Amino acid sequence: MRWSQLFAPTLREAPGDAEAASHKLLVRGGFIRQLHAGHYSMLPLGWKVHQKVAQVVRDEINAIGGQEFLLPTMHPASIWQASGRWDTMGEIMFRLEDRRGNATALGITHEEIFATVASELNSYKQLPQVWYHIQTKFRDEARAKAGLLRVREFHMKDSYSFDVDAAGLDVAFDNHDRAYRRIFERLGIPAFGVEASSGAMGGTDSVEFMTPSPAGEDDVARCPSCDYAANIEKATSALPPIEAGETAELEKFPTPGVRTIAALEEFDGGAPAIDQLKTLVMVLDGTTTLVVVRGDHQLNLQKLIDATGAIEIRPANPEETVAALGANPGSLGAVAVTDHPVIVDLSLEGRVNMTTGANEDDFHYRGVSVERDLQVGQWTDLREVSAGEACPRCGTPLEIVRCIEIGHIFKLGTGFSETFGATISSQEGDIVPIVMGSYGIGIGRNMAAVAETHHDDKGLVWPVSVAPFEAVITVMKIDDEATMNAAELLYDDLRHAGVDVVLDDRDARAGVKFADSELVGIPFRLTVGPRGLKDGNVEYTVRSTMETVDVPLESAATTVIHAVHAAKAVPHGGIGV
RNA sequence: CGGGAAGUGGCCUAGUUCGGCUAAGGCGCCUGCUUUGGGAGCAGGAGAUCGGGAGUUCGAAUCUCCCCUUCCCGACCA
């Protein structure tokens, strides 16, 4: 490719509405342009990177036996109704009608479609299978953000494994786990797996792959000493034991004006937060429910969703709260409440002599024994872990890290195969549902994650594995015949060696060409100009370090070819190169 | 959906408080000359329904109302 013909509209300044580093740089570098919120045009450079990321993913999934499909993106409502997700997916799914009035949806994922295809499997002899596709998914995200990190239309590789039994699924799952780690290595993304909430699908094992970034949207609790890491929606910690203390009589006492945990701590006759019960009134699928955590703890909503299976979940509004308990927030409690379900966090097991609202404005109870005084319907882990709490495995203080979720693998089980009749005859002659696994990785998001973790003050620093070009030949003086001839020869040599190279033959000043090559982030640069050629040299610059050395013209192409091959060969596909 | 901010040539901004001549500057783009190893200099030029609509006014980028869009925080998000 000749840069003079390349459509790469670089900008000196990022658009004012870009915030995340990857967003700014991908726009400035001429990789992407926004059409509207959550929808981006991939310009030639962006599409090249995107395709290279997809190819790395494709390679690794092929390597574990994956077979690639192309599936419809527009789905009939009926298939989503069959799985029950037409209703449970809510507003995330784009829905439309065709000319005949048939309800239709744009695919947000493809479990239903693959399960339908899988209904043609009929014998254990055909298994295992790993099927995947890399296609556009549509999600009507309430809030698209941060450039390519969260969009409404994006390419995703999702694969599905089909096995006879749970042991087979374990193998497919582990294969994907390893494939994903290789993918992130090749992309140069520092990634680690975390325990995750399996969400509405209710799978068993669920691992999210994360990379630390301030532009991320997930918080991860991670142990600096051992390998414990979990999404905050799933994370637990070891709390210091609390001495049981003396059981006391339940006693209502006046607390005029006290409406908060903090105020009750200060109040004469109150109690420290650790000895208080925090009662939250939530509406779970229409059922008003009391959720109780320790006074100094935060409720994690996802944990409540996972524990209850609720689909729609929200805090009760003030009117509902008063109607349910007869008091306003600030004086609420679950003592002796029997007409609403009560869900209590595990950290409150065995606690006595606690203080909580009395469901009467300006009154609290003290001397509360949780088991004695609350009608606990469900004990479960509900509280959100905080930084500094002890690792549940080794006791080291946990850190909370902001991360981008770059992949998710989990065990689906037999739900979909039962629904869609994907059953097989087992070796024993029984008809059994196929055991499925589901494995997703967003292509554009991973592209953004690479950008997010590979840039400096000059611009992007792509790993060779996904760089828009592997090398650039920067011509200092296009009207100098010797210079242009030397550059053309290098260009030919590199192309013939299979290097993805761009010849910067633009009639532009040196500074412009240097700045563009650095902004775009091309890993290797050969600078050809009269100054070096006078001594038979060209300059060789490595983008990641910006180290520049003179190399003889005759060996310049070889230098680049070796560098490209070396970067692609090692598993750490170009990190630091 | 709740809270906040913002829409002015392709990009970044000024002007809006307190209405007033032809909407200003930088980058980019085009032409010419000069320059030529780190985003050049000089001269000239093109390019704007000031997000849209309605209203107030002699007069609206500026004031009022309605709407649209975008960004940020939260909610939400296999």
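Letters A, B, ... mirror the listed sequences (proteins, then strands); counts begin at 1. All of these numbers come straight from a predicted model, not from anything done at the bench.
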For C71(B) and Arg143(A) - does any side-chain N or O of the residue sit under 4.0 Å from the phosphate oxygens OP1/OP2? no
Review item, nucleotides 50-52 of chain B N/O atoms under 3.5 Å of protein N/O:
none

N-O pairing of [X] and [Y] below 4.0 Å:
{"X": "Arg181(A)", "Y": "Asp177(A)", "answer": "yes"}
{"X": "Glu112(A)", "Y": "Arg85(A)", "answer": "yes"}
{"X": "Arg28(A)", "Y": "Glu13(A)", "answer": "no"}
{"X": "Asp516(A)", "Y": "Arg506(A)", "answer": "yes"}
{"X": "Glu233(A)", "Y": "Lys303(A)", "answer": "no"}

What distance, rounded to whole Å, do you find between the two [atom1] atoms, one in [N] and one in [M]?
{"N": "G9(B)", "M": "C50(B)", "atom1": "C1'", "answer": "10 Å"}
{"N": "U13(B)", "M": "A75(B)", "atom1": "C1'", "answer": "34 Å"}
{"N": "A24(B)", "M": "C33(B)", "atom1": "C1'", "answer": "28 Å"}
{"N": "A48(B)", "M": "G10(B)", "atom1": "C1'", "answer": "12 Å"}
{"N": "A61(B)", "M": "C72(B)", "atom1": "P", "answer": "31 Å"}
{"N": "U64(B)", "M": "U57(B)", "atom1": "P", "answer": "16 Å"}
{"N": "G59(B)", "M": "G47(B)", "atom1": "P", "answer": "28 Å"}
{"N": "U17(B)", "M": "A60(B)", "atom1": "C1'", "answer": "15 Å"}

Which atom pair, heavy atoms only, marks the closest approach of Leu148(A) to Leu26(A)? CD2-CD1, 3.8 Å
Show the nearest heavy-atom pair for residues His110(A) and Asp158(A), with the distance to one decimal. N-OD2, 3.6 Å
If a protein heavy atom is under 4.0 Å from the base, mark B; if only from the sugar-phosphate, S; if neither, -; do that for nucleotides 26-46 of chain B going 5' to 3'. BSS------B-BBBB------
Quick one: [X] [atom1] to [N] [atom2], roughly how many Å, whole number?
{"X": "Ile441(A)", "N": "A78(B)", "atom1": "CD1", "atom2": "P", "result": "19 Å"}
{"X": "Asp140(A)", "N": "C77(B)", "atom1": "CG", "atom2": "P", "result": "13 Å"}
{"X": "Leu299(A)", "N": "A75(B)", "atom1": "CG", "atom2": "P", "result": "12 Å"}
{"X": "Lys145(A)", "N": "C72(B)", "atom1": "NZ", "atom2": "C1'", "result": "9 Å"}
{"X": "Glu141(A)", "N": "G74(B)", "atom1": "CD", "atom2": "P", "result": "15 Å"}
{"X": "Arg85(A)", "N": "C77(B)", "atom1": "CZ", "atom2": "P", "result": "14 Å"}
{"X": "Phe138(A)", "N": "A78(B)", "atom1": "CZ", "atom2": "P", "result": "18 Å"}
{"X": "Glu91(A)", "N": "A78(B)", "atom1": "CD", "atom2": "P", "result": "13 Å"}

Watson-Crick or G-U counterpart of [N], or none if no pair lies under 3.5 Å:
{"N": "A40(B)", "result": "U34(B)"}
{"N": "G9(B)", "result": "none"}
{"N": "G47(B)", "result": "none"}
{"N": "A60(B)", "result": "none"}
{"N": "C18(B)", "result": "none"}

Student check: side-chain heavy atoms of [X] and [Y] closer than 4.5 Å:
{"X": "Val117(A)", "Y": "Phe69(A)", "result": "yes"}
{"X": "Met447(A)", "Y": "Trp462(A)", "result": "yes"}
{"X": "Ser213(A)", "Y": "Arg402(A)", "result": "no"}

Exercise: do Thr474(A) and Asp504(A) side chains pair donor with acceptor under 3.5 Å: no
For His176(A) and Tyr132(A), does a side-chain donor sit closer than 3.5 Å to a side-chain acceptor? no
What contact category does [X] fall into here, base, sugar-phosphate, or nothing, at under 4.0 angstrom with non-hydrogen atoms?
{"X": "Ala20(A)", "value": "nothing"}
{"X": "Ala18(A)", "value": "nothing"}
{"X": "Met156(A)", "value": "base"}
{"X": "Leu301(A)", "value": "sugar-phosphate"}

Of Ile434(A), Val435(A), Thr423(A), which meets side chain to side chain contact (heavy atoms under 4.5 Å, CB included) against Ser417(A)? Ile434(A)
Tabulated below should be each protein N or O lying under 3.5 Å from an N or O of nucleotides 67-70 of chain B; please produce it.
residue, atom, partner, partner atom, Å
U70(B), OP1, Ala37(A), N, 2.8
U70(B), O2', Asp17(A), OD2, 3.1

Would you please indicate if the ring centroids of Tyr160(A) and Trp131(A) are separated by under 6.0 Å? no
Judged by each residue's nearest nucleotide on RNA chain B, which is more toward the 5′ side, Ile92(A) or Gly147(A)? Gly147(A)
